[in-house]
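Encoded as C-alpha cells, the structure appears first; notes follow it.
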Number of protein chains: 2
Amino acid sequence: MDQPTKKKPSRIQQKNRKRILEAALDVFSQHGYRGATLDQIAEAAGLSKPNILYYFSGKEEIHVTLLNRLMETWLDPLAEMDPDGDPLEELLAYVRRKLQMSRDFPRESRLFANEILQGAPRMAPHLQSGLKPLFDEKCTLIRMWMDQGRLAPVDPGHLIVSIWATTQHYADFDAQLGVLMPPGAPGAESFLDTLYTRLLSPLAQGTA
Amino acid sequence: MDQPTKKKPSRIQQKNRKRILEAALDVFSQHGYRGATLDQIAEAAGLSKPNILYYFSGKEEIHVTLLNRLMETWLDPLAEMDPDGDPLEELLAYVRRKLQMSRDFPRESRLFANEILQGAPRMAPHLQSGLKPLFDEKCTLIRMWMDQGRLAPVDPGHLIVSIWATTQHYADFDAQLGVLMPPGAPGAESFLDTLYTRLLSPLAQGTA
DNA sequence: CCGCTTTTTTACCATTTGGTAAAGTCACGA
DNA sequence: TCGTGACTTTACCAAATGGTAAAAAAGCGG
C-alpha cells in the first residue's frame, strides 16, 4: 500500500523516527494533544523542529502514528484470553496482564486516556474497527462461560469495562494515588484478584 | 480574607461570573487546560474576551475557580457515608451516589480527570488538604467495619479507589463506551451493585 | 575523489493566543 | 438630568506555535 512511494526506510530514518516517537510519547502523554508543542517534542528528541517535520508531515501525523501503534499493544492482553482455558483463571490472568500493562506503559495509558477524554477525535475509527470486534467477541465468550455455569452471571460488557477502569486507573490517576497512598499502590494486584474472584466465582453465594 | 478588597459582588457581577464559569466548564472539560482558549470561553459565554478578563484576572484563575468549586461537590458523596448506618448499605449507597454524580456532572468529572492526568499541577494542594483527610477517615471507618466482621475484609484504600475508577469511567470514557455499548450504558447500576455486593458481603465464601 | 541523494540547519512566516490600554457606554443615586 | 463609578468595547501587542523555503552539510555508491 506504500511500496510505490517509500521503498526502504534507511537506517538513519528508522532511528530518528523512533527517537521522535519516543519523545512525542513523553510529551503528548504529559500535556495532551493540544498542550504538546513541536518545540517540546523536538527538544526531547534532541532534534530541531524542522528536522522533525522532515520525518513527519506534521504534529497530527506524529500523534496518529502513536495512536496506531498503541492500539495493537493495547488489544493484546484481551486477545490472549483463551476460550479453552479455565474461565475464572483466564479472566484473572487478563486482569493481571492489564494491570501490568498499566504499570509498564503508563505513558501509553495516559495518551489513550487523553484521547478518549477529548472525545476520541483522532481515534473513533480505530475503536470501531479494532476494539469493537474484539470486545464483542470476548463478550460472547464470557457469556458462553456464564451460560455453562462456569462463571457467576454478570453483564460481560460491564465486566470488561470495569476491568479497564480499575486497571488503567492506576496509571492514569497516578498523581491522585500518589497523594492518597504510600508509593506505587502496593496490593493492587491482590485487591483486584479478590474483587474479580468474588464477583465471578460460580459457587454463587447470597444474591442481594 | 477578601473583605477589604471586595465588598459586595453586584447582581450583574454574580450573573456574569456564573456565565463565564459555566462556559469555561464546557470548554475546559472538552479540551483540557492548555487546549482551551479564552476566545472559546468568551464565545461560549457570549461575552468579549476583554470583558471576561474584567471578571477574572486570567485563564488560570478561571480554571482554579472551577477546580475549587468542584472539590466540594466531589467530596460530598463520600462525606455522606454514615458511620452509624449498615456498612454494606452505606457502601452501596455511596457507589450509587458516585455513579449518579458521574451521570449528572460529566463535565466536572472530565475536568477533574484532565487535571489529574496532567499530574494535578493546579490541584495537588487541594488533594492534600481536602481529599486526603476525608479519604483517610473513611478508610479507617471501613477498616473498623471489617474488623467487626460486618464487611468482608479487603484493603479499604483500594476499595475506595476502585469505586472512583469504575464510576468515573462512565463519564470520562464516554466516547469509548459509546462505540462499544448501545447508548448510555444501561445496567451500570446493577452491575456495580453486584460487583460490590459480592466483594463485600460479610458471609465470606471461598477464599482464592 | 566526485556527484548525487539524503539529512540538517538557518532564517523566516502567518496565525493564534493570553493579555492590556484606553475610550466609550450604561446604570443609578443626588 | 447630570455626574460618577461599574461595566463593555475597540484597537492593539508580544510571545508562542505550527509550518515552510532554501541553503548547507553529510553520506555514500561508483
Side-chain angles (χ1 to χ4, degrees), chain A residues 2-28 30-67 114 118 121-122, chain B residues 2-67 114-115 118 121-122:
Chain A
D2 53 350
Q3 275 91 30
T5 47
K6 290 174 183 178
K7 303 258 174 179
K8 47 194 167 184
S10 72
R11 211 115 2 90
I12 188 165
Q13 277 226 21
Q14 273 185 294
K15 187 194 64 175
N16 278 350
R17 280 182 70 99
K18 193 177 279 182
R19 269 172 66 180
I20 293 169
L21 289 173
E22 174 66 18
L25 179 55
D26 259 19
V27 177
F28 279 131
Q30 204 167 118
H31 303 290
Y33 179 72
R34 295 204 52 187
T37 73
L38 283 179
D39 295 272
Q40 284 175 296
I41 296 172
E43 197 198 328
L47 298 172
S48 68
K49 181 167 62 176
N51 203 2
I52 280 184
L53 291 169
Y54 172 75
Y55 291 102
F56 290 89
S57 70
K59 186 182 179 182
E60 179 150 353
E61 201 204 316
I62 302 176
H63 195 244
V64 168
T65 303
L66 283 174
L67 252 25
N114 252 311
Q118 326 281 301
R122 277 165 271 280
Chain B
D2 52 351
Q3 276 91 28
T5 47
K6 292 173 183 177
K7 302 259 172 180
K8 47 194 165 183
S10 73
R11 210 114 2 89
I12 188 164
Q13 276 226 22
Q14 272 186 295
K15 187 194 66 173
N16 278 350
R17 280 182 71 99
K18 193 178 279 183
R19 270 173 67 182
I20 293 169
L21 289 173
E22 174 66 18
L25 179 55
D26 259 18
V27 177
F28 279 131
S29 67
Q30 205 168 114
H31 304 289
Y33 179 73
R34 294 204 51 187
T37 73
L38 283 179
D39 295 272
Q40 283 175 298
I41 296 173
E43 197 198 328
L47 297 172
S48 69
K49 181 167 62 176
N51 202 2
I52 281 184
L53 291 169
Y54 173 74
Y55 290 103
F56 290 90
S57 70
K59 186 183 179 182
E60 179 151 353
E61 201 205 316
I62 302 177
H63 195 245
V64 168
T65 303
L66 282 174
L67 252 25
N114 253 311
E115 176 70 7
Q118 325 281 303
R122 278 165 270 282

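The figures here come from the full heavy-atom set of this structure, side chains too, leaving out hydrogens, waters and symmetry mates. Letters A, B, ... are given to chains in the order of the sequence lines, protein chains preceding strands, and every chain is numbered from 1.
- Cation-pi geometry between B/Lys59 and B/Phe28 is not satisfied (NZ or CZ under 6.0 Å from the ring centre, within 45° of the ring normal).
- When the P atom of C/dT16 is taken as reference, atom NZ of A/Lys59 falls 14 Å away, rounded to whole Å.
- For D/dA6, the OP1/OP2 oxygens have no side-chain nitrogen or oxygen of B/Asn16 closer than 4.0 Å.
- Between A/Leu38 and A/Ile62 there is a side-chain heavy-atom pair separated by less than 4.5 Å.
- In this structure, the CD1 atom of A/Ile52 is 11 Å from the P atom of C/dT9, given to the nearest Å.
- Relative to the side chain of B/Ile12, the nucleotides C/dT9, D/dT17, D/dT8 differ in distance, and D/dT8 lies closest.
- Atom CG of B/Leu47 and atom C1' of C/dT25 are 16 Å apart (whole Å).
- Checking C/dT17, D/dT9, C/dT9 against every side-chain atom of B/Pro50, the shortest atom distance belongs to D/dT9.
- Atom C1' of nucleotide C/dT7 and atom CZ of A/Arg17 are separated by 14 Å, given to the nearest angstrom.
- If you check every strand for non-hydrogen atoms under 4.0 Å, B/Ala42 touches nothing.
- Between B/Asp26 and B/Ile41 there is no side-chain heavy-atom pair separated by less than 4.5 Å.
- Put simply, CG on B/Leu53 is 11 Å from C1' on C/dT17, counting in whole angstrom units.
- Within the 4.0 Å cut-off from OP1 or OP2 of D/dC7, at least one side-chain nitrogen or oxygen of B/Gln13 is found.
- Atom NE2 in B/His31 sits roughly 12 Å away from atom P in C/dG18 (whole-Å rounding).
- Within the 3.5 Å criterion, the main-chain N or O of A/Tyr55 finds a donor-acceptor partner in the side chain of A/Arg17.
- Listed candidates were D/dC7, D/dT20, D/dT17. Nearest to the side chain of B/Tyr54 is D/dC7.
- Side-chain nitrogen and oxygen atoms of A/Arg34 include at least one within less than 4.0 Å of the OP1 or OP2 phosphate oxygen of C/dT17.
- Atoms CD (A/Gln40) and P (D/dA15) sit 19 Å apart, rounded to a whole Å.
- Here D/dT8 is the nucleotide among C/dT17, D/dT8, D/dG18 with the atom lying nearest to any side-chain atom of B/Asn51.
- At the phosphate of D/dT8, neither OP1 nor OP2 sits under 4.0 Å from any side-chain N or O atom of B/Ser48.
- Which of C/dT7, C/dA11, C/dT17 sits closest to the side chain of B/Asp39 comes down to C/dT17.
- With rounding to whole Å, B/Ile20 atom CD1 is found 12 Å from D/dC7 atom C1'.
- The base of C/dG18 sits with one of its N or O atoms less than 3.5 Å from a complementary donor or acceptor on the side chain of B/Lys49.
- Closest heavy-atom contact between A/Ser48 and A/Ala42: C-CB, 4.0 Å.
- At the heavy-atom level, B/Leu38 lies under 4.0 Å from the strands shown only through sugar-phosphate atoms.
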